[in-house]
Structures are given as C-alpha cells and as structure tokens.
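Atoms considered below: every heavy atom in the structure, side chains included; atoms not considered: hydrogens, waters and symmetry mates. All ligand and atom numbering here is 1-based and tracks the order in the structure.
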Amino acid sequence: MLKIDNINTYYGNIHALQDVSLEINEGEIITLIGANGAGKSTTLMSVSGVVPVRSGSIRFQGEEISGMDPDQVVTRGLVQVPEGRRIFPQLTVRENLDMGAFLRRDKAEIAKDLEYVYELFPRLADRRNQAGGTLSGGEQQMLAISRALMARPKLLLLDEPSLGLAPLLVQQIFEIITRINTEGGVSIFLVEQNAHMALKVAHRGYVLETGNVTLSDTAANLAADEDVKKAYLGL
Ligand code: ATP
C-alpha cells in the first residue's frame, strides 16, 4: 500500500533521514519506534508532503507521491494526525470535525462518518459545541484523530498519540486505534515513544536510530528482542 524506498530528508545541513526504506501492507498497523530526535516525525512528514524529501521514492497504491503537496496527499487517502494535536482552538468540536472533511463533497457519507466518530468518542459528542481549545489534552487528542478520520483515510499516520496522556487514556486511545484498523479497515502508521503499547497493537515494527532504520520485524519479535527491550522497553 505504501512503499518508501531510500528516502533522504534534510533540514538545511542536517541529514535527518538517511536512505530510509519501509513498507505498509493493506490492513496493517505498523509502528516506527526510536529515541527523541531519531527522525520519526520527519518520516511521517516526509510521507504526508509537509517536509520535502531530497531523494528516494514514496509510492502510495502504486502512485509516486513524493513531491506532492500535503492537500494532494490527503485527497489520495493518506492523512496525518500531527504530534501536539494542532486542532483549531477557536472552533467548536463540530467545526473542527467539518474541517477534516473540507476536501470532500459526499455529504451523506460525511454525515455517516460524523456519527461514527461520535460513537468512537462519545465524549466529543457531548462537547460538540465546545471550543476545541478548552478541551482537555486527552480530548484534544481524540478530536485530532477524529478530524483525521473525517477525511476518510485509507492510511492514517499517527504521531505520538499517547504523548502526555494519563495511563487510562493511553489504554483507551490504543483500543480505539485497534478498532479503527479492524472495523474501519484503515491501515495505520504509528509513531510512538511508548514502544511497549505500540508493539502491542502493531503487526510489524521498524526501529529508527539517528535517521537510519536499524531493525524491522514482527511486533512480537521486536518486543522479545534483547536490544529493543533494553533500549526502548526499559527492561
Ligand atoms: P521526537 O520523538 O523527539 O519527536 P523524532 O524521532 O520525531 O523525535 P524528528 O522530530 O523527526 O525526531 O527530528 C529528527 C532530527 O531532525 C532531529 O535531530 C531534529 O533536531 C531535527 N529537526 C527536526 N525538525 C527540524 C527543523 N524544522 N529544523 C531543523 N532541524 C530539525
């Protein structure tokens, strides 16, 4: 579904991604784990077109998407939930959700998706007229995921969805991620510092170290790997 081949991304002179290759098959949850500054967010932003790649190829459903604008990428069904949420604080929950669907014209289907996200996150339904900026951190994260779902993604790019959340909420967010994958058939590219949870929900994973993919395996094998345990699972 998504095939990244030897991409190189720079910030000025900083070579943030060095020949990174990875792929996601239809229906999969894959996770990219790594330390702070390893290049996880940069990988997602390279895919979504927010940060340009200098070389390499990114193919989504057979089509080359590197070099496209973020809007063009979204229209193809590849939607990113950025780290730090970035919802519109002045807009209500409902208006934020409408923004997620702004590239779509299929009104009846949009209405169905709105019902679906309210069912996934009843808390957002209760707060539909509340300004986004007044939501709690966890609720803003729910809104950011829901807004992305309103774009009807085929592949959802999630950047640190558990960041800053209380343990119970972390658990809930990961359950929802699994539901979005199994019920909605949405493939998921999950970037996480919480490697423990990420490897529980993902089918496969990649380890990124200073801009290089150093390991890739099934999530179960990574979770059992001695180096991964030491470096990322605190065991
Ligand atoms: P974290 O978990 O801390 O978010 P990350 O793995 O997502 O880390 P990135 O944010 O992708 O890492 O950063 C990769 C490298 O690129 C880091 O060395 C970072 O300092 C650098 N970098 C990221 N964004 C910029 C930028 N806008 N300008 C310059 N350097 C940047």
(message) Within ligand 1, which atoms have a heavy atom of Ala35 less than 4.0 Å away?
(response) 6 (O)
(request) Check Asn6 against Ser21 and note the closest heavy-atom contact, atom names and distance. (result) N-OG, 2.8 Å
(message) Check for me whether Arg54 meets the cation-pi criterion with Tyr10, that is, NZ or CZ under 6.0 Å from the six-membered ring centre and within 45 degrees of the ring axis.
(response) yes
(message) How far is atom 31 (C) of ligand 1 from the closest protein heavy atom, and which atom is that?
(response) Tyr11 CD1, 3.3 Å
(request) State whether the number of non-hydrogen atoms from other residues, nucleotides or ligands found under 6.0 Å of His196 atom NE2 is greater than 12. (result) no
(message) How far is atom 15 (C) of ligand 1 from the closest protein heavy atom, and which atom is that?
(response) Gly37 O, 3.7 Å
(message) Yes or no, since that's all I need: does a protein heavy atom fall within a distance strictly under 4.0 Å of atom 20 (O) of ligand 1?
(response) no
(message) Checking the N or O distance criterion of under 3.5 Å, is ligand 1 in contact with Ala16?
(response) no
(request) Answer yes if a protein heavy atom lies under 4.0 Å from atom 26 (C) of ligand 1, otherwise answer no. (result) yes
(request) Compute whether any side-chain donor of one residue and acceptor of the other, for Thr42 and Thr9, lie under 3.5 angstrom apart. (result) no
(message) Looking at ligand 1, would Gly34 count as a contact under a 4.0 Å heavy-atom criterion?
(response) no
(message) Which of the numbered atoms in ligand 1 are under 4.0 angstrom from any heavy atom belonging to Glu160?
(response) 2 (O)
(request) Measure from atom 1 (P) of ligand 1 to every heavy atom in Asn36, Thr42, Leu32 and give the option owning the shortest one. (result) Asn36
(request) Quick one: look up the protein heavy atom nearest atom 12 (O) of ligand 1 and list residue, atom name and how far away it is. (result) Gly39 N, 3.2 Å
(request) State whether the shortest distance between N or O atoms of Ile14 and N or O atoms of ligand 1 falls below 3.5 angstrom. (result) no
